[in-house]
Amino acid sequence: MSEPKTDIATYAPQAVEAKWQRQWEEWRTNALDLADAERPYYNLMMFPYPSAEGLHVGNVFAFLGVDIHGRFRRLQGWDVFEPIGFDAFGIHSENYALQVNAHPGKLIPSNIARFREQLKRIGLMLNWDHELSTTDPAYYKWTQWVFLQLYRAGLAEKKRAPVNWCPECKTVLANEQVIDGYCERHRGVRVHQKFLEQWFFRITEYAERLLANLDWIDWSESTRSMQRNWIGRSEGAELVFETPTGHRIRVYTTRPDTVFGATYMVLAPEHPLVERLTTHEQLAVVREYRRAAVAKDIVSRKVGSREKTGVFTGSYARNPATGESIPVWVADYVLMEYGTGAIMAVPAHDERDFEFAKTFDLAVRQVVSLSAPGQTELPFTSWDGVLVNSGQFDGMPCAEAVGAITDWLAERDLASRQTQYRLHDWCISRQRYWGPPIPIIHCDACGTVPVPEADLPVLLPEVDDFRPDESGTSPLARHEDWYRVACPTCGATARRETDVSDTFLDSGWYFLRYPSSDVNDRPFDPALTAKWLPVDSYIGGNEHAVLHLLYARFLTMALHDLGHFEFEEPFLRFRAHGTIVKDGAKMSKSRGNVVIPDEYIAQWGADTFRLYLMFLGPYQEGGDFRDEGIVGVRRFLDKIWGLVTAAGHEPDGSESPEARRKLHQTIRKVTTDLEELRYNTAIAAMMEYVNVLRGMVSEEDGAEPRVPIGLLDPLVVLLAPIAPHFAEECWQRLGNTKSVFTADWPSYDEALAQEEEVELVVQVNGKVRGRLRVAAGIDEAAAVDKALEDAAVQRAVGDKPVRRTVFVQDRLVNLVV
RNA sequence: GCCCGGGUGGCGAAAUGGGCAGACGCAAGGGACUUAAAAUCCCUUGGGGCUUAGUCCCCGUGCGGGUUCGAAUCCCGCCCCGGGCACCA
């Protein structure tokens with residue numbers, strides 16, 4: 001009756017995984033006909049930058065969460081498109097090439113080859129038929145096309161502007177790439193202010209829509225919040241302070257209600273009116289202050305000492321509310337790039353103004369009186385107060401006075417309501433080599449001429465001399481044979497734009513290209529795009545919340561407005577995954593705590609590693625990588641292996657009601673957990689189920705426990721998204737001939753999942769005093785009667801009368817005495 | 001300072017339309033099997049208490065209050081950790 005134990009093969013992950021990866025390729029299990037798919041589901045992961053080091057555990061963790069979601073959706077009957085590509089342009093690749101003294105174009109292919117191998121080894125359900133690389137001319141031709149669309153729409157402009165210059169990268173950085181005044185790539189290198197002609201995308205035109213749509217797109221709250229902060233909308237008013245010489249100084253304020261307390265004004269050193277407003281006597285000192293301020297790099301200006309410095313211009317302006325003349329100062333605590341570059345100073349109700357006023361002995365006038373007693377020491381910025389010293393507005397609450405005073409000043413054309421954003425235009429010029437050349441030609445006669453679309457791509461020339469320099473121009477500017485070109489309009493000798501574009505332009509639209517990756521005559525096929533986009537699910541790291549994710553939304557909106565497709569938001573659902581850390585610290589090469597996935601996969605197999613990473617903690621929170629726990633998930637697989645290899649000898653349908661109930665509860669739990677990316681608890685539920693199955697079957701003389709196939713088939717399907725090779729092998733051993741991914745996701749029956757008997761908790765005055773096993777559905781009266789029979793309950797109740805009972809169906813009864 | 005997360009056993013963590021705190025797993029301790037070890041299997045495992053060792057009692061989810069029959073969960077006031085923003089007017 002019992003099979004000899006020698007029949008049971010040992011689960012050997014390496015052999016099993018190799019077998020199924022071959023089988024999948026042979027069957028083309030992961031391929032998909034995009035045009036014919038009936039239930040399209042676009043499952044996107046953030047495409048990697050193919051570094052020389054290969055995939056690290058963080059990448060693997062991120063991709064696994066996406067892959068499990070995709071496999072789950074596939075088993076639910078969707079036609080899942082899970083593409084992959086490589087974000088191979090950019091400073092990172094170029095710097096590495098310079099460091100090892102090689103050409104990036106030579107290094108990238110082998111890096112990509114290594115990534116491909118690793119990605120396949122993990123067992124991702126990737127669609128390799130649509131692989132792309134941003135460095136492929138067949139791709140960046142369309143990156144340049146995107147630039148031209150924005151140029152034609154007036155959303156790309158070249159302007160001379162102060163930009164963030166990293167002396168180490170020897171190129172400019174977008175604001176988003178500057179962290180605390182330092183280069184995001186060179187944390188110890190201060191970013192300088194430099195004035196250069198640069199190409200900008202006018203993302204600020206879209207600030208309001210980018211902000212408004214955050215209210216309805218289904219994204220992780222953390223990501224939406226970061227975008228809101230970055231866009232930084234604030235509402236207020238622009239007020240005008242006139243000078244006796246007829247100048248109108250415009251200021252932006254969020255507190256027009258405090259205008260009666262404005263006792264002086266401050267202009268940013270770069271403000272265009274500074275020279276004109278400065279009196280003859282003050283000219284020398286103002287010029288000197290200005291020169292020093294502008295020369296300061298951004299760091300010492302923004303994050304350096306907050307001590308207030310400034311100089312008086314010698315001029316006065318009229319407070320529009322009081323009519324008083326107030327002095328006009330120049331100080332570097334006012335920034336040119338925000339608002340109008342000038343402020344009204346209300347020292348009583350602004351800490352910075354207060355500090356400045358104390359330093360230079362300027363007047364302080366309180367105009368708000370707090371409603372709450374106490375804490376009335378100046379300065380305070382509370383909105384909970386009423387106006388004082390404010391003429392006819394005395395006694396009015398601040399919030400109300402904002403509108404009232406703005407309207408009152410507007411009557412004399414001295415105010416208007418205004419909304420400000422912190423967001424700046426996106427500087428896309430890079431004075432580097434390894435990127436797509438910006439498709440523009442400069443002609444002395446015709447000016448700025450876009451490269452005709454028929455001439456795309458503008459190929460990046462293969463040059464050996466691509467080291468960046470301090471000149472503020474790209475290395476391409478040293479290659480005259482490349483940049484000399486005939487003007488497309490007049491034919492005269494002209495000059496190509498020698499800057500390349502930011503990597504974030506490459507990655508800002510790649511998801512639009514995937515379905516059309518083999519279409520040659522256009523960037524994206526209209527039918528395929530309509531069918532597959534917007535993306536159904538996007539999962540990635542929050543480090544891209546204000547870079548990639550904001551730019552991708554902007555580009556999608558702009559292309560939508562140009563009529564290229566119907567949708568304006570690219571990613572309907574976005575989930576930010578957590579970070580994997582090691583010993584509490586982010587993994588980094590310099591810390592030496594980087595975990596290489598390959599070693600673990602070689603030792604444990606991909607499925608065990610997949611399971612382990614997902615069991616580590618909540619997917620959306622991440623966790624600490626400690627390899628002690630990995631043996632636990634391996635034991636779990638071994639237990640299933642034992643059940644599967646011994647199964648099939650018992651008549652089907654002989655499962656007990658208890659086992660069947662647990663099965664349906666498990667299906668329910670795993671289904672809802674996977675839906676919400678709660679992989680850790682889904683795995684725990686399957687472990688519980690396996691424990692129940694094993695407990696059910698008594699062991700005879702060391703024989704493997706046996707359970708009917710009907711209890712194992714569904715388990716194998718539930719497990720398939722997380723441990724696909726293992727599931728395939730089990731599926732086959734249970735007698736199936738096709739891939740487990742052709743199976744249907746098991747459905748559960750709510751009635752079968754229902755417990756017949758429940759444990760009712762009995763409380764007395766809210767404290768647990770006993771537990772009752774009762775039939776499900778028991779009513780309150782019966783439950784109370786039964787509870788009062790319990791000895792511990794009687795002891796707790798004593799001789800006190802039961803004043804009240806609280807009853808929660810099938811859960812609890814509470815006696816209040 | 002502002003905006004998001006988060007704080008639960010030795011460890012990773014479960015449990016929030018308020019209802020058994022600690023599922024699942026690791027580690028640890030004890031036992032079985034074994035010549036032995038590994039593997040495997042079984043038991044114990046938040047802290048404390050007991051004259052009745054139990055279907056027992058008390059305490060316990062960062063801290064202090066509150067609401068409630070009942071709070072990890074809700075409210076008020078704080079502290080700490082992670083991330084984002086920041087002389088942004």
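Lettering follows sequence order; numbering is per chain, from 1.
Nucleic acid contact for A/V768: sugar-phosphate only, since backbone atoms but no base atoms lie under 4.0 Å from a heavy atom of the residue. Nucleic acid contact for A/E351: none, since no nucleic acid atom lies under 4.0 Å from a heavy atom of the residue. Among the protein residues, A/L616 comes within range of the sugar-phosphate backbone only, with heavy atoms under 4.0 Å from sugar or phosphate atoms but none that close to a base. Across all strands, A/R626 comes closer than 4.0 Å only to sugar-phosphate atoms, never to a base (heavy-atom distances).
Remark: the separation of the C1' atoms in B/rU8 and B/rA71 is 14 Å, to the nearest Å. Taking atom C1' in both B/rG12 and B/rG84, one finds a spacing of 26 Å when rounded to whole Å. For the P atom pair drawn from B/rG62 and B/rG6, the interatomic distance equals 13 Å after rounding to whole Å. When the P atom is compared between B/rC11 and B/rC76, the two are found 31 Å apart, to the nearest whole Å. B/rA28 sits 23 Å from B/rU34 when the C1' atoms are compared, rounded to a whole Å. B/rG22 and B/rC69 have their C1' atoms separated by 24 Å, given to the nearest Å. Taking atom P in both B/rC80 and B/rC88, one finds a spacing of 23 Å when rounded to whole Å. Only the C1' atoms considered, B/rC24 is 22 Å distant from B/rG19, to the nearest whole Å.
For B/rC2, the OP1/OP2 oxygens have no side-chain nitrogen or oxygen of A/R228 closer than 4.0 Å. Checking the phosphate oxygens (OP1, OP2) of B/rC88, a side-chain nitrogen or oxygen of A/R352 falls inside 4.0 Å. For A/K767 and B/rC56, the shortest distance from a side-chain N or O to OP1 or OP2 is not below 4.0 Å. Between A/N691 and B/rG25 there is a side-chain polar atom (N or O) within less than 4.0 angstrom of OP1 or OP2. Applying the 4.0 Å criterion to OP1 and OP2 of B/rC56, one finds that A/R769 has every side-chain N and O outside that range. Residue A/N680 places at least one side-chain N or O closer than 4.0 Å to OP1 or OP2 of B/rA14. A close approach under 4.0 Å does not occur between any side-chain nitrogen or oxygen of A/Y252 and OP1 or OP2 of B/rA89. Of the side-chain N and O atoms in A/R422, none sit less than 4.0 angstrom from OP1 or OP2 of B/rC88.
Ring centroids of A/Y264 and A/F356 are separated by less than 6.0 Å, placing the two rings close together. Residues A/Y612 and A/W604 place their aromatic rings such that the two centres sit no closer than 6.0 Å. Here A/F354 and A/F380 keep their ring centres 6.0 angstrom or further from each other. When ring centroids are compared, A/Y619 and A/F61 come within the 6.0 Å threshold.
As a whole-Å value, the separation of A/Y619 OH from B/rC24 P is 26 Å. Here B/rG19 presents its P atom at 16 Å from CZ of A/R771, a figure rounded to the nearest Å. In this structure, A/D353 atom CG and B/rC88 atom P are separated by 10 Å, rounded to whole Å. Whole-Å rounding puts the A/D624 CG to B/rC26 C1' distance at 13 Å. Distance CD1 (A/I231) to P (B/rC3): 18 Å, rounded to an integer number of Å. Spacing between atom CZ of A/F354 and atom P of B/rA89 amounts to 20 Å, rounded to whole angstrom units. Rounded to whole angstrom, the span from the CH2 atom of A/W219 across to the P atom of B/rC3 amounts to 22 Å. Rounding to whole angstrom units, CD of residue A/E355 and C1' of B/rA89 are separated by 14 Å.
Among the nucleotides B/rC87, B/rC26, B/rC24, the one closest to the side chain of A/K308 is B/rC87. Out of B/rG6, B/rC24, B/rC3, the shortest distance to the side chain of A/E621 is found at B/rG6. Side-chain proximity of A/E221 to B/rC87, B/rC4, B/rA89: nearest is B/rC4. With B/rA89, B/rG25, B/rC20 as the candidates, the nucleotide lying closest to the side chain of A/V761 is B/rC20. For A/D332, whose side chain is taken as the heavy atoms from C-beta onward, the closest listed nucleotide among B/rC69, B/rC24, B/rC87 is B/rC87. When the nucleotides B/rA89, B/rG19, B/rA21 are ranked by their closest atom to the side chain of A/T253, B/rA89 comes out on top. Closest to the side chain of A/M226, from the set B/rG84, B/rC11, B/rA27, is B/rG84. For A/R694, the listed nucleotide lying nearest its side chain is B/rC41; candidates were B/rC4, B/rC20, B/rC41. Each of B/rA89, B/rG12, B/rC20 was ranked by its minimum atom distance to the side chain of A/Y338; first place goes to B/rA89. The side chain of A/T254 lies closest to B/rA89 when the candidates are B/rA89, B/rC85, B/rG70.
With respect to A/C398, the side chain to side chain contact (heavy atoms under 4.5 Å, CB included) criterion is satisfied by exactly one of A/T258, A/V367, A/L370, A/V368: A/V368.
The residues A/E789 and A/K786 are annotated as not salt-bridged, no charged nitrogen and carboxylate oxygen being separated by less than 4.0 angstrom. The pair A/R290-A/E270 fails the salt-bridge criterion, with no side-chain N (NZ, NE, NH1 or NH2) lying under 4.0 Å from an Asp/Glu carboxylate O. Ion pairing between A/E221 and A/R228 holds under the 4.0 Å rule for side-chain N and carboxylate O.
Note that CD of A/E759 is 6.0 Å distant from CZ of A/R773, once rounded to the nearest 0.5 Å.
With hydrogens and angles left out, the side-chain atoms of A/Q227 and A/R553 include a donor and acceptor closer than 3.5 Å.
A residue-by-residue look at A/P618 and A/R255 shows that A/P618 has its nearest nucleotide of RNA chain B further toward the 5' end. Between A/G632 and A/S225, the residue anchored nearer the 5' end of RNA chain B, judged by the nucleotide with its closest heavy atom, is A/S225.
Within the shown strands, B/rG1 is the pairing partner of B/rC85 under the Watson-Crick or G-U definition, both distances less than 3.5 Å. In this structure B/rG60 sits in no base pair that meets the Watson-Crick or G-U test at under 3.5 Å. Pair assignment for B/rG19 gives B/rC69, based on Watson-Crick or G-U wobble hydrogen-bonding distances that are each under 3.5 Å. Across all strands shown, B/rC11 forms a Watson-Crick or G-U wobble pair with B/rG25, both key distances being under 3.5 Å. Taking a pair to require two hydrogen-bonding distances under 3.5 Å in either a Watson-Crick or a G-U wobble arrangement, B/rC41 pairs with B/rG31.
Taking only distance into account, the side chain of A/Q763 meets the base of B/rG19 through a donor-acceptor pair shorter than 3.5 Å.
Within 90° of 0 lies the glycosidic angle of B/rG9, which makes this nucleotide syn.
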